[in-house]
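For reference, the structure is listed below as structure tokens.
Side-chain atoms are counted along with the backbone in the values below, which use heavy atoms only and exclude waters and symmetry mates. So that the names make sense, note that chain A is the first sequence line, chain B the second, and so on, each numbered from 1.
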Amino acid sequence: MHEQSIVEALLGLLVKHAERVGAKRILKIYLVVGELSGIVEEAMELYFAFASRNTIAEGAALFFTRVPAQLRCRSCGKVFQSERHNYLCPDCKEAGVDILSGRELYVERMEVE
Amino acid sequence: MGIKVLTVKEDLLGANEEKAKMNRELAEKYRILLVNIMSSPGAGKTSLILQTVKNFKNRARIAVIEGDVASTIDAEKVGTLSVPVVEINTGGGCHLDANMVRKGLENLPLEETDIVLIENVGNLICTAEFALGEHKKVMLLSVPEGHDKPYKYPLMFSEADLVLVNKIDVMPYFDFDLQTFCRAVGALNPSAKILPISAKTGEGLDAWFRWLEDALLQLRKGAHGVSS
């Protein structure tokens, strides 16, 4: 959730980078979204379409690369991918984990002209 | 210009993290301990704050930042105790963020403050995700909510420095097992301290007061624990 405020942050970031190179239009945006970031792609697209009107990002396409949540069990050390926010170790069934990946939320690259 | 590809690799939540860092720097400039108090609605955050303010009259100078979607109810209650208090209405937002807390801090007499207690919006999910610049994250859970909540809200429980179990005075009327709860919290967050209290009867509060005072001392010694 919080796609609205994240889209606002995204627009600011995009405009900053585009202006730096004198670009007049933003065409494509490539985002890396971790499974545990809580982001729903459709919600981002919806808010982005609305918030980007009358900006140089209007009409830009969003592309999402999903990063799965990699967890490491604190009890037995097993590294596993979480399924649907399940934090229990599949081997020893303990609940203590370290999050190795899955909380990412960043702009990888963008295409401008 | 033709089409150009720009490598960005920039975090989208970076802005809040930056502002949180600045809040902490501001607090440390005045040697103030910032405490973020989070819980579900009705778990007892305001009651806890009222008890703390009353008890700390001669121990340390407390100021309060109240966060709510709407109304000034909590700030008014705190205001009756004659301590500096600021109410932040998010107008629909489900959590306080670093920007809002900054505005709150700028409206408090920082030169005359030792501890700022931040009462976050009642919410177990979003409040855990947004850094405010706090030194300590205190999470409050009340007995009627049940002992299985750690499994359901893992982020909140794994981020907390201290977990307070409130309303222990009504434990006989609910199926709340404290041992089960402590085990669940311990699995997610082995370093979190757990204290059973009743903000209503005062039971267990001394341990909370001592913890808070100790956190302030640690900060002043320059050895404060990092919250996030």
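- When heavy atoms are compared at a cutoff of 4.5 Å, A:Arg25 does not approach chain B at all.
- Residue contact with chain A, scored on non-hydrogen atoms closer than 4.5 Å, involves the side chain of B:Cys94 exclusively.
- When every heavy atom of A:Ala9 is checked against every heavy atom of B:Leu12, the shortest pair comes out as CB-O, 3.6 Å.
- Contact of A:Leu14 with chain B is not made at all, since no heavy-atom distance falls under 4.5 Å.
- No more than 12 heavy-atom neighbours from other residues, nucleotides or ligands sit within 6.0 angstrom of CZ on A:Arg72.
- When the shell of 6.0 Å around CD1 of B:Ile73 is examined, it contains 12 or fewer heavy atoms from other residues, nucleotides or ligands.
- Within the 4.5 angstrom heavy-atom criterion, no atom of A:Arg20 approaches chain B.
- For chain A, no part of B:Asn16 is nearby; none of its heavy atoms comes within less than 4.5 Å.
- A:Tyr47 OH: 12 or fewer foreign heavy atoms inside a 6.0 Å radius.
- Most heavy-atom pairs under 4.5 Å with chain B: of the set A:Leu88, A:Leu10, A:Asp98, this distinction falls to A:Leu10.
- Taking the side chain as every heavy atom from C-beta outward, B:Leu6 and A:Val21 approach each other to under 4.5 Å.
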- So A:Arg103 and B:Leu155, side chain to side chain contact (heavy atoms under 4.5 Å, CB included) or not? Walk me through it. CA-CA 11 Å; A:Arg103 296 192 68 186; B:Leu155 184 65; 3.6 Å; yes
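- The number of heavy atoms from other shown groups lying within 6.0 Å of CD (B:Glu203) does not exceed 12.
- A:Leu27 touches chain B through its side chain: at least one heavy atom from C-beta onward sits under 4.5 Å away, while N, CA, C and O do not.
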- Query: Can B:Lys9 and A:Glu108 be said to form a salt bridge (charged side-chain N to carboxylate O under 4.0 Å, His left out), step by step?
  - Reply: CA-CA 4 Å; B:Lys9 291 203 195 295; A:Glu108 169 77 49; 2.5 Å; yes
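- A:Leu13 and B:Glu10 get closest at one heavy-atom pair: CG-OE2, 3.5 Å.
- Within 6.0 Å of atom CD in B:Glu25, more than 12 heavy atoms from other residues, nucleotides or ligands are found, so the atom counts as buried in its surroundings.
- At most 12 heavy atoms of other shown residues, nucleotides or ligands fall within 6.0 angstrom of atom CE in B:Met22.
- Of all the heavy atoms in A:Glu113 and B:Ile3, the pair that sits closest is OE1-CG1, 3.9 Å.
- Within 6.0 Å of CG on B:Asp175 lie no more than 12 heavy atoms contributed by other residues, nucleotides or ligands.
- A:Ser5 OG to B:His95 NE2: the interatomic distance, rounded to the nearest 0.5 Å, is 5.5 Å.
- Considering A:Glu111, A:Met110, A:Lys28 as possible partners of B:Val5, the one that fulfils the side-chain contact (heavy atoms from CB on, under 4.5 Å) test is A:Glu111.
- Using a 4.5 Å cut-off between heavy atoms, A:Val32 does not touch chain B at all.
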